[in-house]
Amino acid sequence: MEQQEELALALVREFLSSHGLKKTVRMLDNEKPRTEASITRRSDIARSLGIQTWIKQNKARPAPLPSMLEVIAENVATQQQGQPSAPQKSKSTSGAYSAASVTESLGIGKLSLDRPAKSRVSARATAAAVEDLSAPRPITRRGVARVAGSAGHDSSDSDSDSKDDDQALRPSRTATKPTTAPPPPQPPQSATVPARARATAAGRRVRGRASPSGLVMEDVDELEIEDEFGASVSVGGARRARPAAPRVISSGRSRPQVTASAARGRTIGADEAVKLKRVVFGSSRSAFNDAWLRQNFVFNSTVKGLQYGLVQHEGGPCGVLAVVQAMVLKELLFGSSPPTLEPTPEQQHDALVAAITSILLRIQTDGEHILAVVGTKKAANLKPSFKCDGVTEKLTLISCTSEFDLKRAVKENINQFTRDGAPGAILLLYSAVLTRGLSSIRDDMDEDGSKLIGSHCYCTQDLVNLLLVGYACSNTHDGDKRLGSGKDVLVLKGIRKQSDIGLLSLFEHYGSCEVGLNFKSPTAPIWIIYAESHFTVLFSRSKALAYSSPSAPFDICYYDQLAGLEQHYNIQIDPSANVPRPDDKEVLPPLEHCIRTKWKGAAVDWRDCEPLY
């Protein structure tokens with residue numbers, strides 16, 4: 001029943017908002033407060049009901065209906081009168097929903113929540129990949145919605161072990177507490193912040209077979225769907241179709257090799273592993289989920305023009321992937337080689353090695369840089385409360401005393417980051433944390449309870465800042481901000497100096513956080529985009545954009561490593577267009593809102609690219 005109610009409430013709220021009935025929306029929110037299960041984005045409602053075609057046709061009309069509820073009512077009434085309407089295919093043919101299925105979803109029958117599996121795809125691809133779910137189960141709450149099998153992170157766990165001295169990895173140091181800032185604050189529940197729904201296969205891994213249509217038919221033991229506010233829906237015994245996975249470049253063997261540098265490294269100790277997990281998760285009982293455990297660094301070789309792009313397999317590690325992607329682009333466009341967005345495999349390899357090395361060199365440390373790889377030995381005497389994940393307890397730590405040593409170690413062990421199924425994102429995260437030092441990481445953050453991995457195994461702003469500027473501050477504003485006075489003063493730590501890679505946030509558009517000039521005006525014209533709990537990359541091929549404020553239109557490129565893009569996105573920005581701030585009724589791509597936090601009033605022309613909502 002909760003499922004039908006949440007979808008019905010989402011439709012009602014969307015109707016009221018579309019007609020400007022803000023007082024009524026507030027009254028509804030008072031009587032029916034939004035929860036983690038609430039659906040807050042129009043595109044998610046459309047996908048859940050399978051009515052994307054109706055919505056698309058409505059937008060193309062000279063006078064489109066203002067709300068989705070009216071679109072549904074018109075099309076259902078039209079079908080009942082025996083007239084043709086939007087070509088919604090029946091469930092038996094493709095998985096898209098008929099009008100009868102829509103009425104079922106509105107509470108007359110079973111609710112089927114079909115959201116895109118782990119990626120933003122075009123309406124055509126989404127319709128093709130929609131799942132045929134015959135027996136949905138009720139919504140279940142989990143500590144972590146992205147849990148797969150037993151390797152999930154449960155944010156509800158708290159480590160009962162005492163927080164003893166965490167200097168096992170290096171001598172203590174007096175860390176200069178970085179001017180950091182906490183993760184961008186969540187907007188109030190009454191704010192209509194778009195939420196990106198994601199789905200993940202949980203339990204046993206998917207068993208797939210190719211179908212004549214080019215899709216992969218999957219038998220899934222359990223399908224879990226969640227949005228950025230933590231709601232999850234588990235569906236058992238489902239069979240779904242998804243586009244065949246793109247062919248990607250992946251080097252190496254299926255098992256890690258013991259290299260010369262790894263042989264000189266040391267196996268992580270049991271106490272070190274516990275303390276490391278406390279800093280990352282807040283508890284040694286938590287572990288990375290399958291999305292992290294299988295996320296390697298691999299380039300796209302399917303779409304011509306996207307050879308520069310890394311591929312993210314599932315939601316969760318996007319913060320790490322986006323930073324590495326930005327550094328790869330910096331190397332390809334502004335490195336020593338001639339600039340290119342169509343790198344050869346050798347150039348891809350060199351750019352990735354340079355990117356990982358640069359990120360670790362940027363980490364501020366008083367000691368050695370540490371490269372973490374998966375070894376052959378397991379930490380001895382682990383406590384029963386420690387949750388093994390196959391990576392943390394098997395870490396081999398390679399100490400590097402110079403830039404030359406670090407680059408050689410990265411190059412020698414790059415297979416650990418790129419081979420099929422390798423936990424490359426985890427290894428980079430651990431390398432950065434161990435290089436910075438556990439006590440320094442805690443000093444970097446605003447609050448003692450802050451973590452690098454948040455709910456649903458998402459990257460926090462602290463983690464992204466660690467990789468971008470070298471310390472795990474929690475905020476995005478410039479410098480420190482002091483709130484209060486005397487003993488009650490609260491220091492919010494921010495970004496101390498101009499960053500090499502920038503960052504723009506959708507939360508700033510909604511007034512929930514401040515992004516300072518140190519992030520908005522980086523030394524390279526590359527920005528991490530944070531929107532709807534997802535990190536992507538915006539970049540320019542012209543270095544001049546980093547130190548100039550153009551008044552004429554200019555081109556800029558966008559890449560989403562999770563969206564399964566089918567083309568290179570080259571869009572145009574006119575900074576002098578003086579576009580007024582859109583009202584609440586107008587639905588615009590989140591990227592446009594982020595762009596206008598830097599270029600106020602800019603017009604965005606997507607050209608021949610499909611806007612990404």
Visitor: What I'd like to find out is whether the side chain of Arg13 reaches to under 4.5 Å of the side chain of Ile39, using heavy atoms alone.
Guide: no

Visitor: Report yes if the side chains of Val433 and Leu452 come closer than 4.5 Å at any heavy-atom pair, otherwise no.
Guide: yes

Visitor: At their closest point, which heavy atom of Pro317 faces which heavy atom of Gln312, and how far apart are they?
Guide: CD-NE2, 3.7 Å

Visitor: Which pairs count as salt bridge (Lys or Arg N to Asp or Glu O under 4.0 Å) when at least one residue sits in residues 507-523, sequence neighbours excluded?
Guide: Lys481-Glu514, Glu508-Lys520

Visitor: Looking at every heavy atom in both Leu332 and Ala351, which two are closest together, and how far apart are they?
Guide: CD2-CB, 3.9 Å

Visitor: Does Asp290 offer a backbone N or O that forms a donor-acceptor pair with the side chain of Gln295 under 3.5 Å?
Guide: no

Visitor: Strictly below 4.0 Å, N to O, side chains only: are Asp478 and Lys497 in salt-bridge contact?
Guide: no

Visitor: For Phe519, give me all partners under ring pair (Phe, Tyr, Trp, His ring centres under 6.0 Å), at least two apart in sequence or on another chain.
Guide: none

Visitor: Output all residues satisfying side chain to side chain contact (heavy atoms under 4.5 Å, CB included) with Ser542, sequence neighbours left out; order by chain, then residue number.
Guide: Ser540, Ala544

Visitor: Indicate whether the side chain of His477 and that of Asn518 have a donor and an acceptor atom separated by less than 3.5 Å.
Guide: no

Visitor: Is there a side-chain contact (heavy atoms from CB on, under 4.5 Å) between Leu9 and Ser38? Walk through the geometry before answering.
Guide: CA-CA 8 Å; Leu9 284 170; Ser38 297; over 6 Å; no

Visitor: Would you say Arg436 and Tyr471 make side-chain contact, with heavy atoms under 4.5 Å?
Guide: yes

Visitor: Of all heavy-atom pairs between Asn58 and Pro64, which one has the smallest distance, and what is that distance?
Guide: O-CB, 3.0 Å

Visitor: Kindly indicate whether a cation-pi arrangement holds for Lys543 with Phe334, taking the cut-offs as under 6.0 Å to the six-membered ring centre and within 45° of the axis.
Guide: yes

Visitor: For residues Val324 and Phe297, determine if any side-chain heavy atom of one lies less than 4.5 Å from a side-chain heavy atom of the other.
Guide: yes

Visitor: Would you say the side chain of Thr476 lies within less than 4.5 Å of the side chain of Cys513, judging by non-hydrogen atoms?
Guide: yes

Visitor: Report the residues that fulfil side chain to side chain contact (heavy atoms under 4.5 Å, CB included) with Arg607, sequence neighbours left out, ordered by chain and then residue number.
Guide: Asp555, Asn570, Gln572, Asp605

Visitor: Any chance the side chains of Ser576 and Asp574 put a donor and an acceptor closer than 3.5 Å?
Guide: yes

Visitor: Before you tell me yes or no, could you show the steps for Tyr558 and Trp606 under ring pair (Phe, Tyr, Trp, His ring centres under 6.0 Å), namely the whole-Å CA-CA distance, both residues' side-chain angles and the distance that decides it to 0.1 Å?
Guide: CA-CA 10 Å; Tyr558 177 69; Trp606 292 81; 7.2 Å; no

Visitor: Quick one: side chain to side chain contact (heavy atoms under 4.5 Å, CB included) partners of Leu588, sequence neighbours excluded?
Guide: Pro582, Glu586, Glu592, His593, Arg596

Visitor: Hey, does Leu490 have a side-chain heavy atom less than 4.5 Å from the side chain of Arg482?
Guide: no

Visitor: Considering only heavy atoms from C-beta outward, does the side chain of Leu503 approach that of Leu468 to under 4.5 Å?
Guide: yes

Visitor: What distance separates Ile573 CD1 from Lys598 NZ, expressed to the nearest 0.5 Å?
Guide: 10.0 Å

Visitor: Can you find a pair of side-chain heavy atoms, one from Leu504 and one from Ile528, that are under 4.5 Å apart?
Guide: no

Visitor: More than 12 foreign heavy atoms under 6.0 Å from CZ of Arg61: is that the case here?
Guide: yes

Visitor: Using a cut-off of 6.0 Å, state whether more than 12 heavy atoms not belonging to Lys600 lie near its atom NZ.
Guide: yes

Visitor: With sequence neighbours left out, write down each residue that passes ring pair (Phe, Tyr, Trp, His ring centres under 6.0 Å) with Tyr308, or none if nothing qualifies.
Guide: Phe539, Tyr559, His568

Visitor: Give, for atom CG of Leu11 and atom CD of Glu70, the distance between the pair rounded to the nearest 0.5 Å.
Guide: 11.5 Å

Visitor: Taking all non-hydrogen atoms of both residues into account, name the closest pair between Gln498 and Ser521 and its distance.
Guide: NE2-O, 2.7 Å

